[in-house]
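Presented below is the structure to which this report refers.
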Amino acid sequence: MLKSPKSGWLIAASVFLLAACSGGEQGTQAAASNPCMAENPCNPCATANPCNPCAAANPCNPCASSGMMIDGSMITQGDRELNDGGYSSAELTAMGEELWSDQSLSSAGATSCSTCHMGGTGMMNATFAEPYPHHVAMAKERAGMDQVTAAEMVQLCMVIPMANEPLEWNSVELSALTSYVESLQDGYAMNPCAMNPCNPCAGANPCNPCKGGGGN
């Protein structure tokens, strides 16, 4: 699994908030490490920051693509049944976990599911905890779908962030990724830092890469 690039500055933000509240010289020194200050090179919204979620080259940036609508019928599951290939549920989940970090699934061979969903559930919205099928902003805004199954969500991500063709509906790979996505729902809890204005995934953050979409 890829390590989240946000962990360092989130810790710094916590230190800043605690120190700033104490006031005095300690608070002044902490302000210098405030990741929300424009001049701070660790600012997640700084143009020069390679981890900037708003950077054009960042594969998690929804604005990096054209933002055009896709044909929802190409990822609609309908009455298609997934092919488990004779594997057990546990085996499929384990296979899906490996595929989660497989960059060969993207058209450029440089992006994987874990690129945006660090640690499995990074950048997942609150609705991810709801049973599938459920509403997903990106599915509605980019494919006109009111709700999606777990398999349709995998296909949507294959087409939009991964910029590739949908997986074959009878492929074991799709079944494995779907199984892994469903397994991630167990014990999922919304990130308590979601409302932190220094968090690039915070709803109020103008650099929020989940605005106008987001995978869950």
Side-chain angles (χ1 to χ4, degrees), residues 1-7 58-60 62 70-140 142-143 145-192 194 201 209-210 213-216:
M1 289 294 177
L2 297 181
K3 184 177 181 181
S4 170
K6 300 186 293 184
S7 58
N58 190 322
C60 298
I70 67 168
D71 181 3
S73 65
M74 69 189 300
I75 62 169
T76 300
Q77 184 172 0
D79 58 358
R80 297 186 181 99
E81 294 185 4
L82 301 184
N83 174 26
D84 61 16
Y87 293 98
S88 67
S89 177
E91 289 173 329
L92 282 173
T93 299
M95 190 185 305
E97 185 173 8
E98 291 187 8
L99 290 170
W100 198 252
S101 299
D102 188 347
Q103 295 182 336
S104 69
L105 292 176
S106 67
S107 61
T111 306
S112 69
C113 301
S114 62
T115 301
C116 294
H117 300 297
M118 295 79 68
T121 57
M123 290 192 185
M124 296 296 196
N125 292 335
T127 53
F128 180 66
E130 301 174 7
Y132 283 104
H134 63 229
H135 173 79
V136 173
M138 184 170 67
K140 177 63 176 178
R142 299 293 299 276
M145 302 173 70
D146 292 324
Q147 60 181 16
V148 293
T149 65
E152 287 172 339
M153 190 64 233
V154 170
Q155 297 287 49
L156 184 68
C157 287
M158 284 296 303
V159 174
I160 298 179
M162 308 281 270
N164 210 341
E165 296 294 321
L167 295 168
E168 293 293 333
W169 280 98
N170 64 347
S171 68
V172 175
E173 288 78 9
L174 176 57
S175 185
L177 280 169
T178 300
S179 180
Y180 181 60
V181 166
E182 292 173 336
S183 75
L184 290 173
Q185 290 183 292
D186 296 335
Y188 169 76
M190 188 66 179
N191 184 350
C201 283
C210 304
N216 59 7

Hey, does the side chain of [X] reach the backbone of [Y] with a donor-acceptor pair shorter than 3.5 angstrom?
X: E152; Y: T76; result: no
X: S106; Y: Q103; result: yes
X: D71; Y: S73; result: yes
X: S171; Y: E168; result: yes

Euclidean distance, [Y] [atom2] relative to [X] [atom1], rounded to 0.5 Å:
X: M153; Y: Q147; atom1: CE; atom2: CD; answer: 13.5 Å
X: L105; Y: L167; atom1: CG; atom2: CG; answer: 6.5 Å
X: N164; Y: Q155; atom1: CG; atom2: CD; answer: 10.5 Å
X: I75; Y: E165; atom1: CD1; atom2: CD; answer: 12.5 Å

Q: For residues C157 and M138, report the shortest heavy-atom separation together with the two atoms involved.
A: SG-CE, 4.1 Å
Q: Might you point out which heavy atoms bring G96 and L177 nearest each other, and give the distance in Å?
A: O-CD2, 3.7 Å
Q) Is there a donor-acceptor contact under 3.5 Å linking the side chains of S101 and S112? A) no
Q. Can you find a side-chain donor-acceptor pair between D102 and S104 that sits under 3.5 Å?
A. yes
Q | Test applied, side chain to side chain contact (heavy atoms under 4.5 Å, CB included); reference residue, S179; option that passes from L174, L82, T93 | A | T93
Q. What do you reckon, is CD of E130 surrounded by more than 12 foreign heavy atoms closer than 6.0 Å?
A. yes
Q. Going by the angle between their ring planes, with limits at 30° and 60°, are Y132 and F128 parallel, tilted or perpendicular?
A. perpendicular
Q. Looking at side-chain heavy atoms only, is the closest gap between K140 and M145 below 4.5 Å?
A. no
Q. Would you say the side chain of D146 lies within less than 4.5 Å of the side chain of H135, judging by non-hydrogen atoms?
A. no
